[in-house]
*Asks:* 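Below are the structure tokens for one structure; questions will follow.
Naming: A, B, ... by sequence-line order, numbering from 1 per chain. Worth knowing before you read on, the calculation uses all heavy atoms, side chains too, and leaves out hydrogens, waters and symmetry mates.
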Amino acid sequence: DQQVKQNSPSLSVQEGRISILNCDYTNSMFDYFLWYKKYPAEGPTFLISISSIKDKNEDGRFTVFLNKSAKHLSLHIVPSQPGDSAVYFCAASASEGGSQGNLIFGKGTKLSVKP
Amino acid sequence: KAGVTQTPRYLIKTRGQQVTLSCSPISGHRSVSWYQQTPGQGLQFLFEYFSETQRNKGNFPGRFSGRQFSNSRSEMNVSTLELGDSALYLCASSFGGVVKNIQYFGAGTRLSVL
């Protein structure tokens, strides 16, 4: 049973526009959420995170929004650049319960930013 | 500051053999986690070591094992390799807190089982 779901396997966006990547989770014990970016033949690179006590976190062009009641988070990239083209993974962890200390990942969304 | 280093980057083995993968964490990090990435299953958690002790374990058979040394370096071993073990194996390190668990990943070891 997938606890973290990224329902869009791919997304194509024009350069300069906004990219919105979505993620849903089922485990209410999750209290910390992260986004990673991955290029082929490389390991995932940490992008941005958010604690469950917040509903928004910004870092430059990247903003993550968390809706706890809907168990949904999203990553906004504004403006999108061709270098952002990669696979984006949503991940979650819990400080209590069976998932503490490890990350549960979604299956990723491949973002293509076209010039 | 050096990142997470995994060796070797590529490995080719045959069924029935065993393999050992190595991971050197970021200096100061005491937690090392291992993940398996396959096209079908995505990134799946194998286990986590903290201060030389396995702190958490995913849902993998006992053929998958690991250990951590006093300098926080970690090794992962897979015995009696099966074709389905072909995957990218990723190691991640962190300070080890269960709260705000930011893990930093190495480039991975690509294992091919023939």
*Asks:* Are Phe62(A) and His76(A) close enough that their ring centers fall under 6.0 Å?
*Replies:*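 No; His76(A) has its ring centre 6.0 Å or more from that of Phe62(A).
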*Asks:* In this structure, is the centre-to-centre distance between the rings of Tyr36(A) and Phe105(B) below 6.0 Å?
*Replies:*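 That pair passes the under 6.0 Å test.
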*Asks:* Where on Arg110(B) is there a heavy atom nearer than 4.5 Å to chain A: the side chain, the backbone, both, or neither?
*Replies:*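 For Arg110(B), neither part sits under 4.5 Å from chain A.
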*Asks:* Given Leu111(A), which of Ile77(A), Leu75(A), Val87(A) fulfils the side-chain contact (heavy atoms from CB on, under 4.5 Å) condition?
*Replies:*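 The single option meeting the side-chain contact (heavy atoms from CB on, under 4.5 Å) with Leu111(A) is Ile77(A).
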*Asks:* Which answer fits Phe33(A), side chain, backbone, both or neither, if we ask what part of it has an atom under 4.5 Å from a heavy atom of chain B?
*Replies:*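 Nothing of Phe33(A), per the 4.5 Å heavy-atom cut-off to chain B.
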*Asks:* For Phe45(B) and Tyr35(B), I'd like to know if the aromatic rings sit close, meaning centre-to-centre distance below 6.0 Å.
*Replies:*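 They qualify: ring centres under 6.0 Å apart.
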*Asks:* Pick one of side chain, backbone, both or neither for Gln37(B), based on which atoms fall under 4.5 Å of a heavy atom in chain A.
*Replies:*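 For Gln37(B), side-chain heavy atoms alone lie under 4.5 Å from chain A.
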*Asks:* Side chain from CB out, backbone as N, CA, C, O: work out which of these in Leu90(B) comes under 4.5 Å of a heavy atom of chain A, or both, or neither.
*Replies:*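 When you check distances to chain A, only side chain atoms of Leu90(B) fall under 4.5 Å.
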